[in-house]
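All of these numbers come straight from a predicted model, not from anything done at the bench.
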Amino acid sequence: MIRSIFLGSGSALPARLVSNAELANTVDTSDDWIRERTGITQRYFAGEGETTATLATAAAARALDNAGLTIADIDLIVLATATPDLTFPATATMVQKALGGAGFPAFDVAAVCSGFLYALGTSDAMIRSGMATKALVIGAETFSRLLDWEDRTTCVLFGDGAGAFVIGASDGSDNDQGILATQLHADGAHCELLYVDGGPSTTGTVGHLRMKGREVFRHAVTNLAQVLGDVLAKAGHTAGEVDWVVPHQANLRILDATARKLGLPMDKVVVTVDRHANTSAASVPLAFDTAWRDGRIKRGQLVILEAMGGGFTWGASLLRV
Ligand code: ACO
């Protein structure tokens, strides 16, 4: 059976680092409040010349380098974002061009913070069906461009960045390597709890992020615990066998509550929300790449990726690295 094998990862952050203290100069908030409620101490914001596409291209180039491949080896790009450079064409096509590729399919998926899980699941399905052999799977965002700086309940929570995986078809000889199972969900019933109040077909504007944080928190812990259990069962593994959890980095308290529900200690959870804040679709590959490059995540380990975001959408993927 052909599986999608993890071949390498990369990430990129904007040049400008913004501490809580700096944010508190212009927003009615404090370093203490942000740290206590979220675990965030800083984030990165894209500056002039930095866009979702430029960050995605940098992350993708590093992932290719990490995999020992070039764009000539790639035959699919799937990019998850809620903050594309333009309404169209897809940001994935801009990355394809910037990397010097052409001809093969490149498209975006929109599932907000779960976007990377959706992109990975889609790429994996295309590889297993023979439609592609090596894919660049990217999560990239510039949420700073969607934030309402007058709304302190949301603008302190998010940051910009990008992360990328290269995955490729296995030769079919090892059934316990690569992406072992993926589970994706969506439920539009709670759209009003987390959304952007603009768009080309309604207001003709980009809009601002709106969130009822407390309600989102409650749904996130329930949905994530459930999908993690489901994906483990689907692959025939147990939580105790997992080496690393790489969660969507929304809030340290959500990571803590979800790990507790699974009975996993926090030292098995990769945490980058303190440094990156919530980078939406970029957060899972950014966190993964951090732990991959600093040597925590190693070849052969069992890693579970999970995310929940606007829609609601949520999902998890179990991977033998
Ligand atoms: N600085 C200072 N005070 C603030 C701030 C701020 N930035 N924001 C809110 N407050 C105040 C509120 O006004 C309120 O004051 P009041 O009691 O006088 O009315 C008080 O702090 C408490 O506000 P709550 O919203 O109840 O605070 P809560 O403890 O729920 O924390 C938070 C808010 C951090 C947003 C939390 O609900 C949360 O993390 N929710 C999950 C949101 C999330 O992670 N979403 C992302 C998941 S999906 C995705 O990633 C897109």
Practice task
Could you check if a side-chain atom of L193 sits within less than 4.5 angstrom of a side-chain atom of F312, using non-hydrogen atoms only?
Solution key: yes
Problem - Separation between NE2 of H276 and CG of L17, rounded to the nearest 0.5 Å - result: 9.5 Å
Practice task
Take D148 and C155, measure what side-chain contact (heavy atoms from CB on, under 4.5 Å) needs, and give me the verdict at the end.
Solution key: CA-CA 6 Å; D148 176 358; C155 73; over 6 Å; no
Practice task
Tell me yes or no: between the side chains of T238 and E241, is some donor less than 3.5 Å from an acceptor?
Solution key: yes
Problem - Pairwise salt bridge (charged side-chain N to carboxylate O under 4.0 Å, His left out) hits with a residue in residues 177-199, at least two apart - result: D197-R210
Handout entry: Exercise: identify the closest heavy-atom pair between V112 and G310
Key = CG2-O, 3.7 Å
Practice task
Please assess L184 against L117 for the test side-chain contact (heavy atoms from CB on, under 4.5 Å), listing each intermediate value before the final yes or no.
Solution key: CA-CA 8 Å; L184 301 172; L117 274 302; 4.0 Å; yes
Practice task
May I ask you to check whether T279 and E141 show a side-chain donor-acceptor distance below 3.5 Å?
Solution key: no
Practice task
Taking the side chain as every heavy atom from C-beta outward, state whether L180 and R320 have any pair of such atoms under 4.5 Å apart.
Solution key: yes
Practice task
Spell out, yes or no, whether V270 and V227 are grouped together once hydrophobic residues are joined by side-chain heavy atoms under 4.5 Å, including indirect joins.
Solution key: no
Practice task
Determine whether R253 and R37 make a side-chain contact, defined as any pair of heavy atoms from C-beta on separated by less than 4.5 Å.
Solution key: yes
Problem - Heavy-atom closest contact (D108 atom, A92 atom, distance) - result: OD1-N, 2.9 Å
Exercise for the section: Output yes when a side-chain donor or acceptor of K261 lies under 3.5 Å from a complementary backbone atom of T222, and no otherwise. Expected result: no
Handout entry: Any side-chain heavy-atom pair of N278 and C113 under 4.5 Å
Key = yes
Handout entry: Rounded distance [0.5 Å steps], CZ in F165 versus CG in N66
Key = 10.5 Å
Problem - Under 3.5 Å side-chain donor-acceptor pair for T272 and T290 - result: no
Exercise for the section: Can you establish whether the number of heavy atoms outside M266 located under 6.0 Å from its atom CE is more than 12? Expected result: yes
Exercise for the section: State the NZ-CD distance between K268 and Q301, to the nearest 0.5 angstrom. Expected result: 9.5 Å
Problem - Full working for side-chain contact (heavy atoms from CB on, under 4.5 Å) between Q226 and Q183 - result: CA-CA 10 Å; Q226 188 186 23; Q183 191 88 12; over 6 Å; no
For residues 40-47, tabulate all N or O donor-acceptor pairs below 3.5 Å that involve a side-chain atom, not counting sequence neighbours.
residue, atom, partner, partner atom, Å
T41, OG1, D274, O, 2.9
Q42, NE2, R275, O, 3.4
R43, NH1, V18, O, 3.0
R43, NH1, N20, OD1, 2.9
R43, NH2, N20, OD1, 2.9
R43, NH2, V156, O, 3.0

Handout entry: Sole residue of H185, H190, H248 in ring pair (Phe, Tyr, Trp, His ring centres under 6.0 Å) with W314
Key = H185
Practice task
For the residue pair V303 and V242, establish whether any side-chain heavy-atom pair is separated by less than 4.5 Å.
Solution key: no
Handout entry: Check: E50 side chain, A15 main-chain N or O, donor-acceptor pair, under 3.5 Å
Key = yes
Exercise for the section: For side chain to side chain donor-acceptor pair (under 3.5 Å), just list the numbers for D171 and S173, CA-CA rounded to whole Å, side-chain angles, deciding distance to a tenth of an Å, and then say yes or no. Expected result: CA-CA 6 Å; D171 61 9; S173 62; 2.6 Å; yes
All N/O donor-acceptor pairs, side-chain side in residues 198-209, below 3.5 Å, sequence neighbours left out:
residue, atom, partner, partner atom, Å
T202, OG1, G199, O, 3.4
T203, OG1, G199, N, 3.1
T203, OG1, G199, O, 3.4
T203, OG1, T205, N, 3.1
T203, OG1, T205, OG1, 2.7

Problem - Under 3.5 Å donor-acceptor, T38 side chain and R35 backbone - result: no
Practice task
Check the hydrophobic clustering (I, L, V, M, F, W, Y; side-chain heavy atoms under 4.5 Å; chains of links allowed) and say if L99 and V137 are grouped together.
Solution key: no
Practice task
Would you kindly confirm whether L55 and V166 end up in one hydrophobic cluster when ILVMFWY residues are joined by side chain heavy atoms under 4.5 Å apart?
Solution key: no
Problem - Residue pair D256 / R260, side-chain heavy-atom distance below 4.5 Å - result: yes
Exercise for the section: Hey, could you give me the CG/CZ distance between L147 and F143, rounded to the nearest 0.5 Å? Expected result: 8.0 Å
Problem - Step-by-step side-chain contact (heavy atoms from CB on, under 4.5 Å) determination, M211 to L157 - result: CA-CA 11 Å; M211 177 166 72; L157 304 175; 3.3 Å; yes
Practice task
Kindly give the cluster partners of Y195, where membership spreads through any ILVMFWY side chain lying under 4.5 Å from a current member.
Solution key: none
Problem - ILVMFWY network linking L64 to I138, side-chain heavy atoms under 4.5 angstrom - result: yes
Exercise for the section: Could you pull out the closest heavy-atom pair between P285 and A281, with the gap in Å? Expected result: CD-O, 3.6 Å
Handout entry: Expected output: side-chain T52 to main-chain T83 donor-acceptor under 3.5 Å
Key = yes
Exercise for the section: Give a yes or no on whether the backbone of D160 and the side-chain of T142 come within a donor-acceptor separation of less than 3.5 Å. Expected result: no
Fill in the blank from the handout: Tightest non-hydrogen contact, residues L228 and A316, listed as CD2-CB, 4.2 Å
Handout entry: Closest heavy-atom pair and its distance - A181, V231
Key = O-CG2, 3.5 Å
Problem - Separation of E306 CD from N223 CG (nearest 0.5 Å) - result: 11.0 Å
Please set out all donor-acceptor pairs under 3.5 angstrom arising from side-chain atoms of residues 1-14, sequence neighbours excluded.
residue, atom, partner, partner atom, Å
R3, NE, N175, O, 2.9
R3, NH1, I179, O, 3.4
R3, NH2, N175, O, 3.4
S4, OG, D124, OD1, 2.6
S9, OG, D289, OD1, 2.5
S11, OG, D289, OD2, 2.7

Exercise for the section: State whether a side-chain donor-acceptor pair under 3.5 Å links S30 with D32. Expected result: no
Practice task
Decide yes or no on side chain to side chain donor-acceptor pair (under 3.5 Å) for T91 and D85, but give the supporting numbers first.
Solution key: CA-CA 6 Å; T91 304; D85 279 32; 4.5 Å; no
List, one per line, each side-chain donor-acceptor pair under 3.5 Å for residues 70-77, sequence neighbours excluded.
residue, atom, partner, partner atom, Å
T70, OG1, A72, N, 3.2
D73, OD2, T70, N, 2.8
D75, OD1, T133, N, 2.9
D75, OD1, K134, N, 3.0
D75, OD2, T133, N, 3.0
D75, OD2, T133, OG1, 2.7

Problem - Residue pair F288 / W244, side-chain heavy-atom distance below 4.5 Å - result: no
Handout entry: Rounded distance (nearest 0.5 Å) linking atom CG of L224 with atom CG of L255
Key = 9.0 Å
Handout entry: Over 12 foreign heavy atoms within 6.0 Å of NZ, K97
Key = no
Practice task
Would you indicate whether the side-chain heavy atoms of L302 and L318 approach each other to under 4.5 Å?
Solution key: yes
Exercise for the section: Might you point out which heavy atoms bring A257 and V221 nearest each other, and give the distance in Å? Expected result: CB-CG2, 3.9 Å
Handout entry: Single-linkage hydrophobic cluster, 4.5 Å side-chain cutoff, W292 and F116 together
Key = yes
